[in-house]
Structures are given as C-alpha cells and as structure tokens.
Visitor: 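This is the structure I have questions about; it appears just below.
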2 protein chains.
Amino acid sequence: MTPGTPTSLWLIEDNTTFRSSVARGLERTGQFVCSGSFSSAEQALEMIQAGNPPQAVLIDVGLPGMDGIEAIQILRQQLPKAGLIVLTVFEDEEKIIRAICAGAQGYLLKTAPVSEIAAAIEDVLAGGSPMNSRIARRVLEVFSRLVPVKKDYGLTSREQEILQQMVQGHIKKEIAVQVGVSIHTVNTHMRNIYDKLQVNTVNGAVAKALKERLV
Amino acid sequence: MTPGTPTSLWLIEDNTTFRSSVARGLERTGQFVCSGSFSSAEQALEMIQAGNPPQAVLIDVGLPGMDGIEAIQILRQQLPKAGLIVLTVFEDEEKIIRAICAGAQGYLLKTAPVSEIAAAIEDVLAGGSPMNSRIARRVLEVFSRLVPVKKDYGLTSREQEILQQMVQGHIKKEIAVQVGVSIHTVNTHMRNIYDKLQVNTVNGAVAKALKERLV
DNA sequence: TGACAATTCACACCATCATGTGAAATGCGT
DNA sequence: ACGCATTTCACATGATGGTGTGAATTGTCA
C-alpha cells in the first residue's frame with residue numbers, strides 16, 4: 001500500500017480513550033485515515049446518509065443503545081463493499097455466531113496490538129477473514145456441531161433407515177409402509193435402536209440422532 | 001516453551017521432499033520433535049496401535065490412497081487429545097468444510113513459512129484454531145448460510161420449557177413432576193406446541209426443535 | 001374494567017408405543 | 001457345515017400419547 005492511497009476507516013466504539021488510541025495508532029502507520037469516529041452505532045448510521053462511505057469499519061459489539069449485532073446487519077446492508085471487523089472482548093459463543101451471521105468479516109480481540117489490527121484490515125479488504133484463533137476455535141466447534149462426526153453405535157443400515165424416518169416425524173405405521181415391511185418389524189428395529197442408543201422413547205432416539213448427526 | 005520439552009509431531013504428507021523440509025524446519029526451532037513421518041494415512045493409523053501418540057499432527061488432505069477427510073475422522077477418534085492441523089493447497093469449499101467437520105482444528109496453506117506452521121501448532125495446543133484468513137472467509141460464508149435463522153413460532157416460556165424437557169427424552173409424566181404441574185397441564189402445553197410447530201407427534205416436535213435450534 | 005393471552009386442571013376415547021417372548025429366513029465369514 | 005449377525009414376522013398387555021371438549025385462574029394491556 002502506497003502512502004498516497006490510505007484506507008478510509010470508521011471506528012465505532014463507546015470508549016473514547018480506546019477509540020482515539022486505536023485511531024492514532026492506525027493513522028500513524030500512514031496506511032489509514034479515520035474518516036469517522038463514533039461512540040454509538042446510531043451516529044455512524046446517520047453518517048451513511050451523508051455519503052463518503054469508508055472502506056472498512058471497526059465496530060465494538062458491546063455498545064450502549066442499539067444492539068451491536070443489529071448495527072452490523074444494517075452496516076452490512078448499507079455499506080456492502082466495506083470491510084466489517086468486530087473488535088471486542090471475548091464474548092460468549094452465541095454472540096460470536098450472531099455477529100458472523102450478521103455479516104462481520106473479521107473478529108479481533110480488543111487486546112490485539114495496532115499492528116495486528118492494521119494487518120487485519122488489509123486482510124479483510126484482500127478477501128480474507130482474520131480471526132483471533134480462540135474465536136476461530138469457537139466458530140469451528142459450533143460449525144462441526146452442526147455437522148458433527150458420526151459416533152458409531154453400531155446401527156445397521158436398516159436401523160439407520162428407520163431412525164431417519166422417525167426423525168422425519170413419522171410414526172411406526174407410516175414407516176412400515178414407507179420401508180416396505182410390517183409394523184412388527186419396525187417395532188423390532190426400534191427396540192434394537194433403543195438398546196444401541198441407550199434410550200427408551202422415540203423422542204430420546206430422535207434427539208440423540210439429531211444431536212449426534214446419526215442420520 | 002523450554003527446549004527441554006519439545007512437542008511431539010506427526011507429519012502425514014506424500015511429497016517426501018516437502019515433508020522432510022517441513023520436518024527439518026520445525027525441528028530446527030528446538031520446539032518440536034517429529035516422532036512420526038508418513039507418506040500415507042494408512043501408515044500413520046497403523047502407528048497408533050503401537051502407542052506413543054503425538055501431541056499434534058500435520059496432515060495433507062490431498063493424499064493418495066485413503067481419503068484425507070476420512071483419515072482426519074479416524075485420527076480425531078483415535079487421538080482425541082492431539083492437535084490436528086490440515087496443511088494443504090487451496091482447496092475447494094466443500095473439502096474445507098468436510099475437513100473441519102471431520103475434526104481438523106487448524107487449516108494452513110502449504111505455502112505458509114515454517115515460522116507460521118510452528119506458531120500454529122502452539123496455537124492449536126493452547127486451545128486456538130489458526131486458520132489461513134482466506135480459508136476462514138470461506139468458512140464464515142458457509143457458516144452464515146448454514147446456521148438456521150431462529151424462527152419464531154411464538155412459543156411461550158412454559159412451552160419452551162416443556163419442549164426442552166421433551167428434547168431431553170423425558171416422557172410427559174416425568175415432565176409434569178419436573179416442571180411441577182399436573183400431567184394434564186403438560187398435555188395442554190404439548191397440544192399448543194404441536195399447533196405452533198405444525199407437527200403432531202413428539203418426535204416431530206423434538207426434531208423441529210433441534211433442527212431449528214428452538215431450545 | 002373488559003378483552004385477551006397464558007397457565008392451570010380435568011375427563012374420556014382411541015391410537016400408538018414399549019416390552020416380553022418366540023420364531024424363521026437370509027447371508028457372511030471361518 | 002456351523003455359528004453369528006441381520007432382518008423379518010407375530011401375539012399380547014400395560015403404559016403412554018393424541019385429541020375433543022370444557023373450564024378456572026392469573027396477569028397484562030388498552
């Protein structure tokens with residue numbers, strides 16, 4: 001990046017001291033110019049109307065007033081071309097997930113040094129998604145929970161097939177027709193499934209199947 | 001990390017030249033010792049039986065023979081305590097996702113310098129998930145598409161509570177005791193839940209609750 | 001205060017499920 | 001050829017679930 005083309009930034013952060021500190025640190029590199037500095041999301045959103053959009057936005061999700069997640073959603077809509085980086089203390093899993101789903105492209109901790117923040121901004125604008133690795137771990141955990149590794153309870157293919165039908169909300173009678181066997185057979189398979197999964201109700205089996213992605 | 005406690009590593013990579021190069025580079029730091037160096041996943045899996053498991057594994061997913069994804073799954077099961085880092089060329093999205101779902105905790109490009117690989121290993125063992133930022137971007141994109149939007153079926157708090165109990169595999173009688181109401185009340189709530197979720201069996205409700213993260 | 005949602009409880013009927021018990025056919029590997 | 005797992009089917013009984021119907025209480029909001 002040549003000194004002649006600094007990247008324009010917005011900072012949204014209620015802690016004025018911290019905000020100024022980051023702004024000064026980033027500007028000192030010569031790579032950035034802070035064209036907006038706001039203590040609330042509302043202020044930043046007003047500024048959008050005035051034009052002159054930034055190339056990247058650093059936003060704290062623990063803001064007073066408007067919910068940080070909501071702010072990210074709106075910024076993503078209003079500034080589709082801008083890089084959007086969340087700068088935060090270590091949040092709970094749910095908040096991280098929601099921020100990502102809202103459209104955040106980077107996720108850094110406030111403890112990150114200015115050099116790391118600067119690198120992250122460039123990274124986001126180059127098509128990457130810099131993330132603190134501990135946050136990344138959380139993301140991957142949730143991610144793989146959505147599609148976890150199949151545990152092996154030794155279910156046979158027929159048992160898996162019937163369990164899958166159960167997960168789809170069908171009752172035994174329907175499954176019998178669907179699979180093409182008698183209801184007695186379905187009954188027997190269900191018993192064996194219960195034994196193998198160590199449950200004793202349909203809902204227990206369905207819950208276990210979905211939680212552990214057995215089907 | 002003191003020089004007296006090097007981290008034991010396995011490298012699984014079919015390109016012998018590259019593998020040796022990485023091994024030498026990592027050992028030269030004094031932080032690591034390559035206790036295993038394999039050109040196929042099969043070889044590594046055999047070694048597991050012999051005991052002496054590594055603290056971390058670097059694996060290429062573009063291996064000949066056994067599918068790299070499958071290898072990761074088995075390694076994750078057999079070496080649950082080991083850090084598992086994928087070292088690869090830039091793969092297609094589907095492969096990245098599957099590797100992560102299989103249990104990979106880090107995802108680096110083969111072009112990464114040894115210093116970055118070394119840092120990544122330490123990072124994984126410290127509870128992080130270092131990822132190349134371009135790969136992270138791909139993950140976030142899929143992620144934000146994959147995570148279901150929490151639909152609002154207008155379940156009341158009591159209904160949510162009872163649905164949650166159902167998901168845990170309890171039967172109505174048990175729920176009545178647990179929640180502290182009569183079984184008739186549980187019955188009524190379940191009816192309303194069925195109406196709202198548009199299902200008519202427990203397993204249907206449980207399935208919907210888990211699939212759409214209602215509980 | 002009156003409308004409305006949420007929560008609670010009750011009875012009854014039939015459907016469905018869980019479980020004990022028994023048995024037969026098939027296929028696979030040793 | 002023999003054992004073993006898988007899959008199939010059957011009968012029976014008590015427990016549990018699903019649904020129609022009705023009603024009382026509580027709290028909230030207009």
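Heavy-atom basis, side chains included; hydrogens, waters and symmetry copies ignored. Letters A, B, ... are given to chains in the order of the sequence lines, protein chains preceding strands, and every chain is numbered from 1. Keep in mind that what you see is a predicted model, and the values were worked out from it rather than measured.
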Visitor: Residues in salt bridge (charged side-chain N to carboxylate O under 4.0 Å, His left out) with R19(B), at least two apart?
Guide: none
Visitor: CD of E159(A) versus C1' of dT8(D): gap in Å, rounded?
Guide: 13 Å
Visitor: Name all residues meeting the salt bridge (charged side-chain N to carboxylate O under 4.0 Å, His left out) criterion together with E46(A); count only those two or more places apart in sequence or in a different chain, and write none if there are none.
Guide: none
Visitor: With sequence neighbours left out, write down each residue that passes salt bridge (charged side-chain N to carboxylate O under 4.0 Å, His left out) with R98(A), or none if nothing qualifies.
Guide: none
Visitor: Taking only residues two or more places apart in sequence or in another chain, which ones pass side-chain hydrogen bond (donor to acceptor under 3.5 Å, both in side chains) with E27(B)?
Guide: none
Visitor: What pairs of donor and acceptor atoms, side-chain ones from residues 183-190 of chain B against any protein atom, are under 3.5 angstrom apart with sequence neighbours left out?
Guide:
from    : atom 1 : to      : atom 2 : distance (Å)
T185(B) : OG1    : S182(B) : OG     : 3.3
N187(B) : OD1    : K172(B) : NZ     : 2.9
T188(B) : OG1    : H184(B) : O      : 3.1

Visitor: Can you tell me how far P of dA25(C) sits from CZ of R158(A), to the nearest Å?
Guide: 19 Å
Visitor: Indicate yes or no: does R158(A) engage E161(A) in a salt bridge with an N to O separation below 4.0 Å.
Guide: yes
Visitor: Using the test salt bridge (charged side-chain N to carboxylate O under 4.0 Å, His left out), find all partners of K110(B) that sit at least two apart in sequence or belong to another chain.
Guide: E13(B), D60(B)
Visitor: What is the distance, to the nearest angstrom, from the CD1 atom on I193(A) to the C1' atom on dC17(C)?
Guide: 14 Å
Visitor: Round to a whole Å and report the spacing from CG of L155(A) to C1' of dT6(D).
Guide: 13 Å
Visitor: Between protein and nucleotides 13-30 of chain D, map the contacts as a letter string: B base, S sugar-phosphate only, - none, heavy atoms under 4.0 Å, written 5' to 3'.
Guide: ---SSSBBB---------
Visitor: Through what angle, rounded to 10 degrees, does the axis of the helix from dT1(C)-dA30(D) to dT30(C)-dA1(D) turn between its ends, using five pairs per end?
Guide: 50°
Visitor: Whole-Å distance between dA18(C) P and N192(A) CG?
Guide: 13 Å
Visitor: Pick one: which of P53(B), S37(B), S35(B) meets side-chain contact (heavy atoms from CB on, under 4.5 Å) with W10(B)?
Guide: S35(B)
Visitor: Verify the contact: side-chain N or O of T185(B) to OP1 or OP2 of dC9(C), cut-off strictly under 4.0 Å; return yes or no.
Guide: yes
Visitor: At under 4.0 Å, does any side-chain N or O of H184(A) touch on OP1 or OP2 of dT8(D)?
Guide: no
Visitor: What pairs of residues pass the salt bridge (Lys or Arg N to Asp or Glu O under 4.0 Å) test when at least one of them lies in residues 196-206 of chain A, not counting sequence neighbours?
Guide: E159(A)-K196(A)
Visitor: What's the closest nucleotide to the S182(A) side chain, out of dA10(C), dC9(D), dT8(C)?
Guide: dC9(D)
